[in-house]
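Comments concern the structure below.
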Amino acid sequence: MSKQKQAQLRKSVMPYAKSNTRASIIQIANTIIPFLVLWFLAYQSLAISIWLAVPCIILAAGFVVRTFIIFHDCTHMSFFQNKKANRIIGTITGIITHFAFEKWKWSHSIHHATSSNLDKRGVGDVWVMTVDEYIEASFWGRLAYRLYRNPIIMFGLGPLYLFLISNRFNRKGAKRKERINTYLINVSIVAIYALLIWAIGWQAFLIIQLPILFIAGAAGIWLFYVQHQFEDSYFENEEEWDYVKAAVDGSSYYKLPKIIEWLTGSIGYHHVHHLSPRVPNYNLEKAHESTPPLQKATTITLKTSLQSIRFRLYDEASKTFVSFKEIKERLKEPKANIQLPTRKTSIQEK
């Protein structure tokens, strides 16, 4: 794609990069209110049977994911035109989703600026090693990577790590505004938890809240993972990396059933979102449907997306993701025979 066509493609989605205050308020209402109602119904169901609470818990988790999409748009300053409104709603939804608003805003902006850039991996994205890097890594380096990419750890322990550790502490070098925002969200969560435990008891609280957070967290990690980890996803070194190609070829269109698409705030149109992060979630589908070149993005479905679990390493030679099994023979070769491409060391490798 020529630079002229790339510029035209970005220009074609600009009309959709405008928030609609009415649409945003409606989305807050049809997301937060149902979540609170479902939480209350789950609690009331416990008096009859814990199994009766399960459907409410699962649905509530879906609305937490939808709440996160509002949070996500606020970090891009795309949910409202007013920056202060984005920060206020972003902080409130950050309390519900247990994400530190200013901290995640910082890391996610880096993710967008460096997505699919092999020389700038390590902030706000899923850890990806190339085949050559994995072969050259030490035993402990390989073990750490294999554990990280293990589905049980990524989708099982991953949510716990996000909610209890990653989002609860400030990063080194964080500015005062970012630190205070994290403290505010942490204190708010503790206060709300204390109030709920006082009102309904710790057993009922844990039975409801823990599964909601776990299901929502696992679903969120899956969505983030699968939309960049498909077989022929785009990755390039800094010299060859291109923002538009990274957006369109390095992000997928996750075609989901309508109810799931609604609950996930249309984030399946991830290629549109990466091309223009200022497009609010309720305009993503419109931008996709009105822009023919975007409809050529890699499309994955619920069924085909399951294949991404076996994609563990990026092979720069074939420009595709491969499994650990596919490089088994290469691991037997002496390391001295491996010629690594020259590049900066990623943050995870340091």
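Treat the numbers as computed from the prediction; the structure is a model and nothing was measured.
- Annotation: salt bridge (charged side-chain N to carboxylate O under 4.0 Å, His left out) contacts of Arg10 (sequence neighbours excluded): none.
- Although no hydrogens or angles enter the test, the distance criterion places a donor-acceptor pair under 3.5 Å between the side chain of Thr264 and the main chain of Glu261.
- Within 6.0 Å of NZ on Lys175 lie no more than 12 heavy atoms contributed by other residues, nucleotides or ligands.
- Aromatic ring centroids of Tyr234 and His271 lie 6.0 Å or more apart.
- No donor-acceptor pair closer than 3.5 Å links the side chain of Ser251 to the backbone N or O of Val248.
- Side chain of Tyr145 to backbone of Ala137: no donor-acceptor contact under 3.5 angstrom is found.
- Between the side chain of Thr291 and the main chain of Pro293, no donor-acceptor pair closer than 3.5 Å is present.
- For the atom pair CG (Asn181) and CZ (Arg176), the distance works out to 12.5 Å, reported to the nearest 0.5 Å.
- A side-chain donor-acceptor contact under 3.5 Å links Tyr254 and Ser305.
- Taking the side chain as every heavy atom from C-beta outward, Glu238 and Asn117 approach each other to under 4.5 Å.
- To the nearest 0.5 Å, atom CG of residue Leu213 and atom CG of residue Leu160 are 9.5 Å apart.
- Here Tyr161 pairs with Ile165, Ser166 under the side chain to side chain contact (heavy atoms under 4.5 Å, CB included) rule; sequence neighbours left out.
- Partners of Trp106 by side-chain hydrogen bond (donor to acceptor under 3.5 Å, both in side chains), not counting sequence neighbours: none found.
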Check the pair His98, Tyr193 against ring pair (Phe, Tyr, Trp, His ring centres under 6.0 Å), reporting the backbone distance first and the verdict last. CA-CA 12 Å; His98 291 40; Tyr193 275 24; 5.5 Å; yes
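- Taking NE2 from His228 and OG from Ser116, the interatomic distance works out to 7.0 Å, rounded to the nearest 0.5 Å.
- The pair Asp132-Arg330 meets the salt-bridge criterion, with a side-chain N (NZ, NE, NH1 or NH2) lying under 4.0 Å from an Asp/Glu carboxylate O.
- Between the side chains of Thr182 and Asn170, at least one donor-acceptor pair of N or O atoms lies under 3.5 Å.
- Smallest separation of non-hydrogen atoms from Gln295 and Glu289: NE2-O, 2.9 Å.
- Between His270 and His288, the gap from one ring centroid to the other reaches at least 6.0 Å.
- Judged by the 6.0 Å distance and 45° axis criteria, Arg66 is positioned over the aromatic ring of Trp262.
- A donor-acceptor contact under 3.5 angstrom links the side chains of Ser323 and Glu326, judged on distance only.
- Using a 3.5 Å distance cut-off with no hydrogens or angles, the side chains of Gln81 and Asn86 do not pair a donor with an acceptor.
- Of the possible polar contacts, none joining the Asn237 side chain to the Leu118 backbone as a donor-acceptor pair under 3.5 Å is found.
- In this structure a side-chain-to-backbone donor-acceptor pair under 3.5 Å is present from Ser290 to Lys286.
- Residues Thr130 and Leu313 fail the side-chain proximity criterion, which asks for heavy atoms closer than 4.5 Å.
- Between Ser19 and Ser78, the shortest heavy-atom distance links the atoms CB-O, 3.2 Å.
- Note on residues 291-320: pairs passing ring pair (Phe, Tyr, Trp, His ring centres under 6.0 Å), not counting sequence neighbours, are Phe235-Tyr314, Tyr314-Phe321.
- For Tyr269 (side chain) and Ser252 (main-chain N/O), no donor-acceptor pair under 3.5 Å exists by modelled atom type.
- Summarising the geometry of Val64 relative to Thr97, their closest heavy-atom pair is O-CG2, 3.8 Å, with the distance given to 0.1 Å.
- Within the structure, salt bridge (Lys or Arg N to Asp or Glu O under 4.0 Å) contacts touching residues 85-103 (residues at least two apart or in different chains) are Arg87-Glu102.
- Summarising the geometry of Arg171 relative to Glu178, their closest heavy-atom pair is NE-OE2, 2.9 Å, with the distance given to 0.1 Å.
- Residues Phe63 and Asn30 come closest through the heavy atom pair CE2-O, 3.4 Å.
- Residues passing the salt bridge (charged side-chain N to carboxylate O under 4.0 Å, His left out) test with Glu329, sequence neighbours excluded: Lys332.
- Note that OG of Ser188 and CD1 of Ile96 are 11.0 Å apart. Values are rounded to the nearest 0.5 Å.
- For the atom pair CG of Asn186 and CD1 of Ile95, the computed distance is 10.0 Å after rounding to the nearest 0.5 Å.
- Cation-pi geometry between Arg168 and Phe163 is not met at under 6.0 angstrom from the ring centre and within 45 degrees of the axis.
- With rounding to the nearest 0.5 angstrom, the CG atom of Leu143 is 15.0 Å from the OH atom of Tyr148.
- Closest non-hydrogen pair, Phe80 versus Ser24, comes out as CE2-CB, 3.7 Å.
- In this structure, Phe79 has its ring center at least 6.0 angstrom away from the ring center of Phe71.
- Taking the centre of each ring, Phe68 and Trp104 come in below the 6.0 Å mark.
- His111 and His108 have parallel rings, their planes meeting at less than 30° on a 0 to 90° scale where 60° marks the start of perpendicular.
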